[in-house]
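Everything below concerns the one structure shown next.
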2 protein chains.
Amino acid sequence: MAEYRQATVFDVAKEAGVSTATVSNVLNRRDVPLSEKTIRKVEEAAAKLGYRRNVMAASLSRRKTYEVGLLLPGFVGYYGLFAQQMERTAHKYGYHLSVFSTDMDSKVERRLLEKLLERRVDGLFCHGLAMSGDSARKVVNDGTPILFFNCWNELKHLAIGTVNLNVYQACVDAVVHLHEQGCRSFFYYGNKRAFATNEQRIHGFREGLRLTGGKHPADMIDVEDIAADDLAEWLAERSEDATPAGVMCFDDWKAFVCQNRLIEGGYDVPGRFKVVGINNEFVAGHSYPGITSFNVPYEHQADMSFRWMLTHLGEQAKLEAKGERPFSPPVAGGEVKIPLTLVERLSSR
Amino acid sequence: MAEYRQATVFDVAKEAGVSTATVSNVLNRRDVPLSEKTIRKVEEAAAKLGYRRNVMAASLSRRKTYEVGLLLPGFVGYYGLFAQQMERTAHKYGYHLSVFSTDMDSKVERRLLEKLLERRVDGLFCHGLAMSGDSARKVVNDGTPILFFNCWNELKHLAIGTVNLNVYQACVDAVVHLHEQGCRSFFYYGNKRAFATNEQRIHGFREGLRLTGGKHPADMIDVEDIAADDLAEWLAERSEDATPAGVMCFDDWKAFVCQNRLIEGGYDVPGRFKVVGINNEFVAGHSYPGITSFNVPYEHQADMSFRWMLTHLGEQAKLEAKGERPFSPPVAGGEVKIPLTLVERLSSR
DNA sequence: TTGTATGCGTTATCAA
DNA sequence: TTGATAACGCATACAA
């Protein structure tokens, strides 16, 4: 129905018998003084006409979009859950979030970035795997603030800050945990294509080995080098039968694949092999055996990221209105580490 | 760096020594005739100044945003994968996609919808579970075209069309398949809270029972009524030991939970119980035993939806430019059924 | 083939 | 406390 033109401030102003400026003032609850009567008049007129503000016009006039971008390598697993939380957090602070997935394709990445800048997003949140150096410099040069999360490469110096899950520490903890559970040989099942986010885990894994005495046999596997079908055999050949071997995996999905291939091969989990993942996704909790993992405080990570960004954008007022204490970020360009917490399950008991 | 004001068409025009209209014409490759020379001049000027079009201004002037909304009940599993595909498809057709998750909360739904309408989206894609009647009517009344997917309730009559996965037929096929594999008793493990999308499956399940002779024992289970921990025992009590029982599940995640609880309870899958899911997610393919499921043609579903919407928006030209055959939608307000294809795995062999 | 002028719907700056 | 009015950046009918 309704081929009527949408009502504008102008229509509302006429209906209420005031000026457009007054309408705008009422509807945006500004700091200017307004009489109760005009407020009521305007609000009634707006309701009557079904007025709905035009975001384009407002953004154009205000020279601020209240839109932020989120650039991810993909949509599944951790990425999707983080996106969902970021969206909630954005709305909580009165922002609109545009989520894009680069599919790990640099052509796509460049195109999406261009789209984001054309939309004049007020700020950009970006996963370390989702942005190249060229793109990052383009954004900075454009004057758009960028905040990284899960970024461990040199690009982070271009950002206003970085919010990282402490996967390093998680891997340290995992090895220590596996050792406590009786493991005397260790494997890391990783994913080269995840670059720095993989290397962080490797560092943690090594540190864990060091802390547990130093000289247990250990080896690295990568999903790129060993087909899933060969995984169980590969692990069995390289580990003793007497004591359980611990397998630290890149994430829950790798752990899931690893554990299922082991079981398929007839190896007992957790008797012969113990498995640990990261992210504590649904699949970890509902597998049998349940997969030991690390819980991610999504809300905390998202809130931290957003408050940092808002502070940079000079929106402290907004934070305080939300009852949040004014956020004092770490050193500009610094890094915040979000701790992950171990969730023990049958796969490592 | 760069606290310069962003370059505008005006700046480009001055730099190139032409008018803003010419700049706009060149940059939008319109149907108007343009001399090679001015095209080059304008493009060089734009590149030199790092000009980037302002989407707000363009949308405002054009009275069209090239933005469409996608309203989902959540972000995980099928929803997330569909969102990712819709985003790709949107970009392919030159549109921007704003994805929102209602989290199955009607307050959230209303707020998000309002945001979408404020942004003057050209159209709205909406999951059947993500929109109430009031909201749907508000959208229609607003004049914004809406297209549903996976919607089986009466709301679909408010839409320009509906694109549904044929889960009914999938369930029919599943029961027939399980029967062929030797099952002589059947269960449907569903999810009441998914309303119509659950009922479609139930209808299919019943039809499958009818087709396979009619009088095999069968029963319904719902995730709301039976705790996952009790599931295995519940199923065992209600099925004979002599022949395998088939469990058709709402989706792969339910199948995953079901299968793992059965294995945990010491029941053989697929010997004692055979399990089938829907959606063919990663978890189905990489479980052990692999879970028989139904593959979803995401790209097809997304493309079909988009072309339907674009046709409604009068953008046939855009479709043809993309080399697509002009889409002739089914009856306006009609329903398209997307077939799912069985993927056999060990869980039902 | 190119330029002029106007409109798009808000917000913000003044002045009243 | 409220009202004119000038931006905001782009697209487009119409004129040249």
Side-chain angles (χ1 to χ4, degrees), chain A residues 4-43 45-46 49-67 94 96 117-122 142, chain B residues 4-43 45-46 49-67 94 117-122 142-143:
Chain A
Y4 307 117
R5 206 172 96 283
Q6 292 259 6
T8 72
V9 270
F10 201 79
D11 302 320
V12 177
K14 200 161 58 181
E15 175 75 24
V18 298
S19 74
T20 64
T22 302
V23 172
S24 179
N25 284 340
V26 170
L27 263 32
N28 296 314
R29 304 233 162 279
R30 312 174 49 66
D31 46 0
V32 306
L34 294 163
S35 82
E36 275 305 322
K37 200 167 60 180
T38 47
I39 291 180
R40 229 201 14 264
K41 275 195 303 183
V42 169
E43 282 177 344
L49 299 179
Y51 171 77
R52 193 169 283 130
R53 170 241 290 274
N54 182 320
V55 171
M56 315 304 143
S59 297
L60 188 59
S61 174
R62 199 192 290 116
R63 302 169 65 72
K64 174 156 168 59
T65 57
Y66 287 102
E67 175 173 342
H96 175 76
L117 295 179
E118 282 188 353
R119 311 194 113 252
R120 301 292 192 269
V121 289
D122 292 340
D142 186 85
Chain B
Y4 307 116
R5 205 171 97 284
Q6 292 259 7
T8 73
V9 271
F10 200 79
D11 301 320
V12 177
K14 199 161 58 180
E15 175 74 25
V18 297
S19 75
T20 62
T22 302
V23 172
S24 180
N25 285 339
V26 170
L27 264 31
N28 295 315
R29 302 236 163 278
R30 312 175 46 64
D31 46 0
V32 306
L34 294 163
S35 83
E36 275 305 322
K37 199 167 63 181
T38 48
I39 291 181
R40 229 199 15 264
K41 275 196 303 185
V42 170
E43 281 177 344
L49 299 178
Y51 171 76
R52 194 169 283 131
R53 172 239 292 275
N54 182 321
V55 170
M56 314 303 143
S59 297
L60 188 58
S61 174
R62 199 192 290 117
R63 301 167 66 70
K64 173 156 169 59
T65 56
Y66 288 102
E67 175 172 342
L117 295 179
E118 281 188 353
R119 310 194 113 252
R120 301 293 192 269
V121 289
D122 293 339
D142 186 85

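Throughout, protein chains are lettered first and strands after them, A, B, ... in sequence-line order, and every chain is numbered starting at 1.
Backbone-only contact: B/Val18 has heavy atoms under 4.0 Å from sugar-phosphate atoms and none from a base. At a threshold of 4.0 angstrom between heavy atoms, the contacts of A/Val23 with the nucleic acid are absent. Nucleic acid contact class of A/Arg52 (heavy atoms, under 4.0 Å, all strands): sugar-phosphate only.
Proximity of a side-chain donor or acceptor of A/Ser61 to a complementary backbone N or O of A/Ala57 within less than 3.5 Å is not detected. A donor-acceptor contact shorter than 3.5 Å links the side chain of B/Arg120 to the backbone of B/Leu117. Checked by atom type and distance alone, the side chain of A/Thr20 never pairs as donor or acceptor with a backbone atom of A/Val9 at under 3.5 Å.
Annotation: the span from A/Arg5 atom CZ to B/Arg63 atom CZ amounts to 7.0 Å, rounded to 0.5 Å. Here the OG1 atom belonging to B/Thr8 is positioned 14.0 Å from the CZ atom belonging to B/Arg53, to the nearest 0.5 angstrom. The line from OG of A/Ser19 to CG of A/Asn25 is 7.5 Å long, rounded to the nearest 0.5 Å. One finds the CD atom of B/Glu67 at 4.5 Å from the CZ atom of A/Arg119 (value rounded to the nearest 0.5 Å).
Between A/Leu27 and A/Tyr51, some side-chain heavy-atom pair lies under the 4.5 Å cut-off. Side-chain contact between B/Lys41 and B/Val18: present, with at least one pair of heavy atoms (C-beta onward) separated by less than 4.5 Å.
For the OP1/OP2 pair of C/dT10 and a distance below 4.0 Å, the side-chain nitrogens and oxygens of A/Arg63 include no atom meeting the criterion.
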Checklist line | Working for side chain to side chain donor-acceptor pair (under 3.5 Å), residues A/Asp11 and A/Gln6 | finding: CA-CA 9 Å; A/Asp11 302 320; A/Gln6 292 259 6; over 6 Å; no
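Relative to the ring axis of A/Tyr66, A/Lys64 places its NZ or CZ within 45° and under 6.0 Å from the centre.
If you walk DNA chain D from 5' to 3' and mark each nucleotide with an atom closer than 4.0 Å to a heavy atom of chain A, the marks span D/dT1 to D/dG9.
Listed by residue number, B/Arg53, B/Asn54, B/Ala57, B/Ala58 are the residues of residues 53-60 of chain B with a heavy-atom contact under 4.0 Å to DNA chain D.
Spacing between atom CZ of B/Arg119 and atom P of C/dT10 amounts to 15 Å, rounded to whole angstrom units.
Across the interface with DNA chain C, nearest-nucleotide mapping of B/Ser35 and A/Phe10 shows B/Ser35 to be the residue nearer the 5′ end.
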Within the sub-3.5 Å range, which N or O atoms of nucleotides 12-16 of chain C have a protein N or O partner, and how far apart are they?
residue	atom	partner	partner atom	Å
C/dA12	OP2	A/Arg30	NH1	3.0

